[in-house]
**Student:** 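Take a look at this one; I'll ask things after.
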Amino acid sequence: MPTPVNKPLKIILGVTGGIAAYKIPMLLRLLKKADADVQVIMTPSAERFVTPETLSVLSEKQVLCDFFDPATGMWNNHVDLGLWADAILIAPATATTIGKMVHGIADNLLLATHLSARCPVIIAPAMDLDMYAHESVTENLKTLESRGVHIIPAEDGPLASGLSGPGRLPEPETLFAEFMKIMNPELPLKGKNIMVSAGPTFEPIDPVRFIGNHSSGKMGYAIADAFAKKGANVTLVSGPVSLQTPKNVSRIDVQTAEEMREACLKESTNVDIIVMAAAVADYKVETRAQLKIKKEEDLTLSLVKNPDILQELGKAKTSSQTLIGFALETNNGYDYAKDKVVRKNLDFIVLNSLADEGAGFGHDTNKVYLFDKTGSEKAYPLMSKKMVADIIVKQAISYHFSGNFADI
Ligand code: PMT
């Protein structure tokens, strides 16, 4: 018996031209049984595999197949459709539709609606095994995933061609269950308090100048966002950056390492997971000039060490807290990161190295290695900071609840 949808969920069910379209009437029945309001949009070639009449009867609505209604000549407004939907589910999604989605092609009503939509998009690819394994298709799927499209993977089994292998559309019950899981994500961190630090600190020299670094805050903000999406109460202690506060995150702005220390120590007393992604300046000038230093002779600044916030958090860590640090290195990254895990009493550390192209400061991408206090290691390829944040959050959840890395 399907799980009922709490309020009528408005779903665009996109059907594209593959033999697996024969399963869609059953999927549609399950969605309707769960009280969803379903608008079916078919691509022209889908009509060869399942009739609009069948889907119209089951959805209790006219099925849309074209930009213009052939009977009335009325425009089927893809912009309104895209904005109306709470979700777009495309099943089966053929290699052609997937490729066109990647390239922003809008040569049918379904593709144009997809481009206008602001809601989650879920696709269930289905095709013959060699097509599904083809590099162009796997790359296209990766691209869509990196843009936030949810993919319900094809299953392994007998195919219409007579061959057998991965490419089969999952059964309607599985498609329905996967779709509902995506639409009603579990919130494993509901009620948990999380603190994330992000961005640089600026250490003033005089009222005009400061010592800083290149941190944009992107990595830490993506982590705060990913935690909030898991239902946590997230506090973001942020150095000076020009980024928008992620939804459902409360932000404390600081400038200097001392201010960041004060905010972090105050917030940390009641948190379950801490991630220090900020690039805290290790040094500050010993005496800050009250007036602008005039340009005369060469100037020598005397620098003193800033407090190591992470180390202090490690000392104060309680048995129920999970503490995660970052290590930004240019050389000998593995050794330095492993040393920091132990020395700063961390559960695990995220190493990113400026020796890796596309990793570290400023980029939208990062390449990270995780080391935990027991010697376990994980290495990940270069990917978007959003994807890195999702991995760090999944590993933080796994560590918090089971004391181990998850198998991802
Ligand atoms: O902000 P982006 O442009 O997206 O770039 C992301 C990033 C490169 C800043 C981020 O991924 C990162 O590596 N942050 C940590 C940078 C850093 O300061 O590394 P570190 O190896 O010097 O410090 C080790 C750890 O101690 C870090 O968790 C740091 O937050 C913490 N630390 C460092 C110095 C200090 N005085 N107090 C601290 O708490």
Side-chain angles (χ1 to χ4, degrees), residues 195-203 211-226 236-244 246 254-265 267-268 273-284 303-317 322-371 373 380 382-389 391-393 396:
M195 185 182 83
V196 179
S197 72
T201 64
F202 286 176
E203 309 300 324
I211 297 170
N213 59 62
H214 297 294
S215 172
S216 63
K218 286 178 187 171
M219 190 66 256
Y221 274 57
I223 295 169
D225 186 35
L236 177 61
V237 180
S238 174
V241 298
S242 50
L243 294 176
Q244 290 233 318
V254 297
Q255 289 280 324
T256 64
E258 286 289 358
E259 288 170 12
M260 185 169 275
R261 172 183 178 270
E262 202 182 311
C264 286
L265 293 188
E267 288 300 314
S268 67
I273 302 175
I274 300 171
V275 182
M276 282 293 291
V280 186
D282 287 315
Y283 293 94
K284 63 180 173 185
L303 302 181
V304 291
K305 271 175 95 172
N306 261 327
D308 189 322
I309 307 167
L310 185 59
Q311 189 141 13
E312 285 191 58
L313 292 169
K315 279 197 185 123
K317 183 164 110 83
T322 301
L323 182 59
I324 300 156
F326 265 76
L328 177 66
E329 306 295 350
T330 52
N331 56 299
N332 300 337
Y334 285 33
D335 295 338
Y336 289 134
K338 286 177 183 173
D339 168 65
K340 282 177 189 169
V341 171
V342 178
R343 195 160 42 79
K344 301 195 182 194
N345 192 25
L346 311 181
D347 290 288
F348 70 85
I349 197 159
V350 182
L351 166 67
N352 43 184
S353 169
L354 294 181
D356 287 327
E357 205 174 315
F361 289 134
H363 305 285
D364 289 326
T365 52
N366 207 356
K367 180 173 180 183
V368 298
Y369 309 83
L370 271 45
F371 301 94
K373 57 187 179 192
Y380 297 97
L382 186 74
M383 56 181 94
S384 69
K385 281 189 173 160
K386 185 188 168 312
M387 288 171 85
V388 171
I391 285 174
I392 292 170
V393 166

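Both ligands and their constituent atoms are indexed starting at 1 by order of listing. Any value given below was found using the heavy atoms of this structure, including those in side chains, with hydrogens, waters and symmetry copies removed. If you read the sequence from its start, that first residue is 1, and numbering goes on from there.
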**Student:** Need the list: ligand 1 N/O atoms against protein N/O atoms, distance under 3.5 Å, rounded to one decimal.
**Tutor:**
from	atom 1	to	atom 2	distance (Å)
ligand 1	1 (O)	S215	OG	2.6
ligand 1	1 (O)	S216	N	3.2
ligand 1	1 (O)	G217	N	2.7
ligand 1	3 (O)	S216	N	2.8
ligand 1	3 (O)	S216	OG	2.6
ligand 1	3 (O)	G362	N	2.7
ligand 1	4 (O)	S216	OG	3.4
ligand 1	4 (O)	K218	N	3.3
ligand 1	4 (O)	M219	N	2.9
ligand 1	4 (O)	K385	NZ	2.8
ligand 1	11 (O)	N352	OD1	2.6
ligand 1	13 (O)	N352	OD1	3.4
ligand 1	13 (O)	N352	ND2	2.9
ligand 1	14 (N)	A277	O	2.9
ligand 1	19 (O)	L328	N	3.4
ligand 1	21 (O)	L328	N	3.1
ligand 1	21 (O)	K340	NZ	2.6
ligand 1	26 (O)	K344	NZ	3.2
ligand 1	28 (O)	M276	O	2.8
ligand 1	28 (O)	F326	N	2.9
ligand 1	28 (O)	F326	O	3.3
ligand 1	30 (O)	A278	O	2.7
ligand 1	36 (N)	P307	O	2.9
ligand 1	37 (N)	I309	N	3.1
ligand 1	39 (O)	I309	N	3.4
ligand 1	39 (O)	L310	N	2.8

**Student:** If only side-chain N and O atoms count, and only distance matters, is there a donor-acceptor pair under 3.5 Å linking N352 with N366?
**Tutor:** yes

**Student:** Crowded around E329 CD? As in, over 12 foreign heavy atoms under 6.0 Å?
**Tutor:** yes

**Student:** Sub-3.5 Å donor-acceptor pair from the side chain of S197 to the main-chain atoms of A278, do we have one?
**Tutor:** yes

**Student:** Who passes side chain to side chain donor-acceptor pair (under 3.5 Å) against N332, sequence neighbours left out?
**Tutor:** none

**Student:** Go through the structure and list residues passing side chain to side chain donor-acceptor pair (under 3.5 Å) with N345, not counting sequence neighbours.
**Tutor:** none

**Student:** Quick one: side chain to side chain donor-acceptor pair (under 3.5 Å) partners of Y380, sequence neighbours excluded?
**Tutor:** Q395

